[in-house]
Amino acid sequence: MTAPVFVVEHLPAGGGERYVLDGPEGRHAVSVKRLRPGEPVVLTDGDGRWAEGEVVDTEGKDRLVLQLGAVAEEPAEQPRITVVQALPKGDRGELAVETMTETGVDAIVPWAAARCITQWKGERGAKALGKWRATAREAGKQSRRVRFPQVADLATTKQVAALLAKADFAAVLHEERDYGSEPLATAELPAEGEIMLVVGPEGGVSPEELALFEEAGAKTYRLGRTVLRTSTAGTAATALLLGRTGRWSRP
């Protein structure tokens, strides 16, 4: 079992010193994980900086005393994979964020597609976005990542098109009979740069959106013979790309 991961805002510049993990993370380590002296942990800022530590002692119910090792930085992966995720119904959005994070996606862009039933507006939208970001953080910890995916603000279709225009590889996952989508499994992928995948809502990407995305340089691709739900398509596509780009072959 690998060491549990805890998130801190800042890590000391040098490391190799005593460190007290407190607050909600300290409470989780002491009262939920029930860590004891001698057990290993990993601290990270979620942006790639991390350090291994060993539990020295506990203080009360929410303070974990650690002997911290040297601070290291994990470089950003190449190529970078971003999924533009149309808003699913109910809690399926959080499920999509969770599984994409555990799989290894680098960034997630919530998208207000034309056929989305769910709408993010006002306070409700801010709360939903906060849940997506909290889910990415917790899933990053669960999967022992030290560089968590960025969850962007809600994007419009025009904003998504602008992002696709800047990508090194832009794909719209689209399965429709008599539509010329190519298999994503055979697409020519860049060795570095930005890969962007667009996952539409349950009702699919509209013709107008497809036209705008194709004008921005994106092509349509399919995953296979079956049609996946919007909450699982991004995870499946991310896994395929991580394998094909060699990112899953690296130590």
Side-chain angles (χ1 to χ4, degrees), residues 79-97 99-100 105-129 131-133 149-190 193-241:
R80 175 181 165 89
I81 299 175
T82 296
V83 173
V84 176
Q85 175 67 59
L87 304 181
K89 295 181 291 184
D91 60 359
R92 288 188 174 274
E94 292 157 51
L95 173 64
V97 171
T99 55
M100 284 192 288
V105 76
D106 299 296
I108 299 168
V109 180
W111 171 38
R115 293 175 176 173
C116 284
I117 295 176
T118 298
Q119 300 291 321
W120 283 6
K121 294 182 179 179
E123 185 177 341
R124 179 183 177 184
K127 184 178 180 180
L129 178 59
K131 285 184 177 180
W132 279 35
R133 287 173 172 164
Q150 300 171 339
V151 179
D153 291 337
L154 180 66
T156 64
T157 297
K158 287 185 177 180
Q159 289 171 329
V160 170
L163 293 174
L164 295 174
K166 298 177 182 177
D168 297 281
F169 176 86
V172 181
L173 298 183
H174 186 68
E175 176 60 40
E176 183 179 327
R177 185 167 295 181
D178 299 326
Y179 198 94
S181 298
E182 300 176 15
L184 186 62
T186 58
E188 185 175 346
L189 303 173
E194 182 86 24
I195 292 176
M196 293 203 69
L197 294 169
V198 177
V199 178
E202 298 292 353
V205 183
S206 72
E208 295 77 16
E209 291 166 335
L210 283 174
L212 187 60
F213 293 161
E214 289 178 349
E215 184 180 343
K219 293 183 179 181
T220 56
Y221 293 88
R222 63 183 183 275
L223 283 174
R225 295 182 179 180
T226 60
V227 177
L228 301 180
R229 300 197 70 154
T230 184
S231 53
T232 56
T235 299
T238 297
L240 174 63
L241 294 177

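Every residue meeting the side-chain contact (heavy atoms from CB on, under 4.5 Å) condition with E202, not counting sequence neighbours, appears here in chain and number order: R229, T230. For the side-chain contact (heavy atoms from CB on, under 4.5 Å) test, residues two or more places apart in sequence or in another chain that qualify with K158 are T156, L212. Residues satisfying the side-chain contact (heavy atoms from CB on, under 4.5 Å) test with E214, not counting sequence neighbours, are Y179, T220.
Other residues, nucleotides and ligands contribute at most 12 non-hydrogen atoms within 6.0 Å of the CD atom of Q150. No more than 12 heavy atoms of other residues, nucleotides or ligands lie within 6.0 Å of CZ in R124, so this atom counts as exposed by the packing criterion. Around atom CD of Q119, more than 12 heavy atoms belonging to other residues, nucleotides or ligands sit under 6.0 Å away.
Nearest heavy-atom pair across W132 and Q85 is CH2-CG, 3.9 Å. Here the closest heavy-atom approach between residue A218 and residue L164 is recorded as CB-CD1, 4.1 Å. Contact detail for A152 and P110: the closest heavy-atom pair is O-CD, 3.2 Å. For the residue pair G90 and T118, the shortest heavy atom distance occurs at N-OG1, 4.2 Å. A86 and G200 make their closest contact through CB-C, 3.5 Å (heavy atoms, listed as atom of the first residue, atom of the second, distance). The two residues R115 and V205 make their nearest non-hydrogen contact at NH1-O, 3.7 Å.
Tested against M100, the residues I108, D106, L95 include a single side chain to side chain contact (heavy atoms under 4.5 Å, CB included) partner, I108. Each of V84, L173, L210 was checked for a side chain to side chain contact (heavy atoms under 4.5 Å, CB included) with V198, and the lone residue meeting it is V84.
Remark: the backbone N or O of S206 is paired with a side-chain donor or acceptor of E209 at under 3.5 angstrom. Without hydrogens or angle criteria, R222 side chain to H174 main chain gives no donor-acceptor distance under 3.5 Å. Between the side chain of T238 and the backbone N or O of G234, at least one donor-acceptor pair lies under 3.5 Å. E182 contributes no side-chain N or O that, together with a main-chain N or O of A187, makes up a donor-acceptor pair within less than 3.5 Å.
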Criterion side chain to side chain contact (heavy atoms under 4.5 Å, CB included) on L240 and L223, from CA distance to verdict = CA-CA 9 Å; L240 174 63; L223 283 174; 4.1 Å; yes
Given the rule in the side chain to side chain contact (heavy atoms under 4.5 Å, CB included) test, do I195 and T82 qualify, once you have shown the distances and angles that lead to the verdict?
-> CA-CA 6 Å; I195 292 176; T82 296; over 6 Å; no
List the steps, then state whether side chain to side chain contact (heavy atoms under 4.5 Å, CB included) holds for T235 with V105.
-> CA-CA 8 Å; T235 299; V105 76; over 6 Å; no
Run the numbers on L154 and L129 for side chain to side chain contact (heavy atoms under 4.5 Å, CB included), then give the verdict.
-> CA-CA 8 Å; L154 180 66; L129 178 59; 6.0 Å; no
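Note that CE of M196 and CZ of F213 are 9.5 Å apart. Values are rounded to the nearest 0.5 Å. Interatomic distance, CG of L197 versus CD1 of I81, reported as 7.0 Å (0.5 Å rounding). S231 OG to L87 CG: the interatomic distance, rounded to the nearest 0.5 Å, is 12.5 Å.
Contact check on D153 versus R133 returns a salt bridge, with a Lys/Arg side-chain nitrogen under 4.0 Å from an Asp/Glu carboxylate oxygen.
By the 30° and 60° cut-offs, the orientation of the rings of Y221 relative to F169 is tilted.
Taking the six-membered ring for Trp, W111 and W120 have ring centres at least 6.0 Å apart.
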